[in-house]
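Notes to accompany the following structure.
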Amino acid sequence: PRVIHLADYQVPDYLIDETHLSFDLHEDHTLVQARLVMRRNPAAGDGLPVLMLDGQDLELLSVVLDGKPFLDYQLDEDHLSLQPNAEAFTLETQVRIHPESNTALEGLYQSGSMFCTQCEAEGFRKITYYLDRPDVMSLFTTKVKGERKRYPVLLSNGNPIAQGEEGSRHWVTWEDPFKKPAYLFALVAGDLWCVEDSFTTCSGRKVALRIYVEPENIDKCQHAMDSLKKSMRWDEEVYGREYDLDIFMIVAVNDFNMGAMENKGLNIFNSSAVLAKAETATDAAHQRVEAIVAHEYFHNWSGNRVTCRDWFQLSLKEGFTVFRDAAFSADMNSATVKRIEDVAFLRTHQFAEDAGPMAHAVRPESFIEISNFYTLTVYEKGSEVVGMLHTLLGPKAFRKGTDLYFERHDGQAVTCDDFVKAMEDSSGLDLTQFKRWYSQAGTPRLAVTGQYDAQTKTYTLNFSQSCPATPGQPEKLPFVIPVALGLLDAQGQELPLHLAGESAPRGGHAVFSIDQAEQSLVFINIPEEPVPSLLRGFSAPIKLSFPYTQDQLLFLMQQDSDGFNRWEAGQQLAVQSLQTMIAQVQRKETPILNQRLIQAYDALLQDTSLDQAMLAEMLNLPAEAYLAEIATVADPLAIHAARQAARQAIAEALFDSLWLRYQHNREVSRQTPYVAESEHFARRALQNAALSYLMLTERPEVLAACLVQFQTADNMTERFAALAALVQSPFEAERETALADFAHEFKDNPLVMDQWFSVQATSPLARALERVQSLMGHSAFTLKNPNKVRALIGAFAGQNHAGFHRVDGAGYRFLADRVIELNGSNPQIAARQLTPLTKWRKYAPERQQQMKAELERILNSGNLSPDVYEVVTKSLA
Ligand code: B3K
Ligand code: ZN
């Protein structure tokens, strides 16, 4: 496979002003006609080079150049090449494709009884010969023809402009008035129902909103529709962005490689990211739907109106859009809890990626398969980079910067540099050094110490930054790290932050740019030794260390006015305690939980003024995956045993407070109809967190309450939490009955069955692998559906650390077998599932050997897709 380098970027030789497509859909093939109105790119130099159109798995039927049949072309695996003889010309091709056998779910494919497309990043070349690159933007019309009975609904981007009948077949022509790259093309045909609503934009235009689903799901669209309207309003209010077409459509499909896709005017969604109603979707699922609907909608400006010049710039649209959707979710729900969740996710998974063989910069330098670069680094770290710009510029200059960016580049395909330039121009800041965040991979370390001088009443913070080597980048230069901080006195009050040499204090909370390898900040007029609250709100995606005492952490946990850092102090205390316990387990001693952590949790449980969602987060011990990420050598079985013991100890010690909180919230839930809003999420989050602790005590009254909640709750959030608690419990009869009842009740709802697979795959009970293997034979399971793969195989390998890492290596073998199988049918999904094996260097030598052996077995299994080849070879390098 070929390596593509950012440094080799060249503007396209030719442009496509107009693209006229015609699809003739049949059960055993589809005919695609394309008429491309093309011309030489004036920016590309002189002469008429050979035109090379991208195309894969296409059966070429005819080529017509300027109205005349044309035979003098060359075909290879990936291209149709020909020599144009004029600056401007019209090229017509006809190809035959086979969506009915497209299992990779890229290009045009069938999902159940419908046709749909997924073109980003390079799927359009599986539909027709084209310049399949994001900097070739064109006006599209699309005619879709199919059998009226099977496919009453025929959709594409833009507005419908014509339709007609031909016997039992019918057709609709769509026109998209906005120029777009091919990756934003979409087509859908099927027997779909739709929920319809409308939105009046800030300038008074009425937009029709339609969510299309298979008939059985028509009752699960309201939440997505509400989320869409909120997103549209929010983008007007917060970013001044108005929607630009007369129709906005969302289609839910069951077989989809990721969450959703922002095709212009016709977003295609994984049904798991659209469908939600109280009885079948949890609070988490509701929040995920809201976030993804917003994310895809926001792409209409950050991605579609202004798109990427090349795929190395992917974070230009993804990092920015994640930043936008996170701010939206923060506004809709609890901002602090949203931040906690995002940071916990980033630190567990993106930091692991940054520390592993696939580490790459937010703007990577090279790739083999672009599909492998839709990563946590590009998305989540990319969002943090935009967030740091927001922090450094402040909200006003940042908004000026986004206005300038949209205005300057509307209708263009641009780069991350263009984005940063708009921020520089709006703020006057020089962001040259800041841009290292785009080019240097790895998670920076910031070691901080504090020194108080009682004589001079000064407090000095000393910062020392470094960044570990990553593949291809042995040395790093200092980053610009915005550190938001406060200095707290003994009462928890913020002291004025007065830097030596400055004329006045900056207030009690301020942001300081740390941009040198070694740097100090000297604060004056500090009357007593303060406790620093550092990196508030997680103001940079780094690993910060400060030698806090336990007393200081407990103090911050109770006193810090920054909610995020209250949580963070609790996490640090818990990490310290858990690390001690892990070492105890490894020495075959009984793991003992730090009493002070228990006391701190007790105090939290007594504090009824604390937001309940926040309390639930604070009671949640650091995840096993996080403990593995921060370990030098991860011992998954010891981590699991220690964390379980800690949970058990907390449950026993705090039984009364947990039980009281549980019973109270359960009673409120029982009396309140389900509402998908923040205070209700919070109540149920605490209720279910308490239940999960309480069940560890194995007391009969808890089991009884859990069973009642499982059997009688009117919503999936409560039912599923009860099921999860039962599945992890030793009550075998109750557990198996609950699982059977649940499967019986929801056997026809694939999304609920995904949850049912996951809850078993992630259960730490013995013989988890055997259970997963036997579930693969369940009638609701199929390897062809990505959601099922993720629910069973992905959940087992990624979240069940004790099961996946069992000592005989059977977990690794199982995963490798599935990857080899999936490589043939769906390379993107196969490559994704590999992630747990890529982390082999984290473990002790024996596990390393076992994991490596499986990677080698995959490598030698023959005929690897570029997707799997890239991940395996980079992992072994
Ligand atoms: N832009 C799409 C991702 C496409 C992934 C292709 N392998 C979804 C999103 O980020 O909104
Ligand atoms: Zn996106």
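Every number for a ligand or one of its atoms is a count from 1 in the order of the listing. Start at 1 with the first residue, then count along the sequence.
Remark: ligand 1 and Tyr374 share no N or O pair separated by less than 3.5 Å (distance only, no angle test).
Near Met261, with a cut-off below 4.0 Å to any heavy atom, the atoms of ligand 1 are 1 (N), 2 (C). Which parts of ligand 1 touch Glu262 is read off a 4.0 Å heavy-atom cut-off, strictly below it: atoms 1 (N), 2 (C), 8 (C), 9 (C), 11 (O). Below 4.0 Å from some heavy atom of His299 lie the following atoms of ligand 1, by number and element: 9 (C), 10 (O), 11 (O).
Checked against the Zn ion (ligand 2), the N, O or S atom of His295 at the shortest distance is NE2.
At least one heavy atom of Lys317 sits less than 4.0 Å from an atom of ligand 1.
Look at Lys338 and Asp342 and you find a salt bridge, because one of the NZ, NE, NH1 or NH2 atoms lies within 4.0 Å of a carboxylate O, short of that distance.
In terms of modelled atom types and a separation under 3.5 Å, the side chain of Asp57 and the main chain of Lys126 share no donor-acceptor contact.
Applying the side-chain hydrogen bond (donor to acceptor under 3.5 Å, both in side chains) criterion to Gln799, with sequence neighbours excluded, gives no partner residue.
Of all protein heavy atoms, the one closest to atom 1 (N) of ligand 1 is Glu120 OE1, 2.6 Å. The nearest heavy-atom contact from the protein to atom 3 (C) of ligand 1 is Tyr379 OH, 3.5 Å. Atom 8 (C) of ligand 1 has its closest protein heavy atom at Ala260 O, 2.9 Å.
Crowding of Phe351 atom CZ: a count of heavy atoms from other residues, nucleotides or ligands under 6.0 Å exceeding 12.
The side-chain tip of Arg324 does not point at the ring of Phe328 from less than 6.0 angstrom away and within 45° of straight on.
For the Zn ion (ligand 2), the N/O/S atoms of Glu318 include one lying under 2.8 Å.
No hydrogens or angles considered: a donor-acceptor pair under 3.5 Å links the side chains of Asp354 and Gln350.
For residues 178-187, the set of pairs meeting the side chain to side chain donor-acceptor pair (under 3.5 Å) definition, not counting sequence neighbours, comprises Asp176-Lys180, Tyr183-Thr307.
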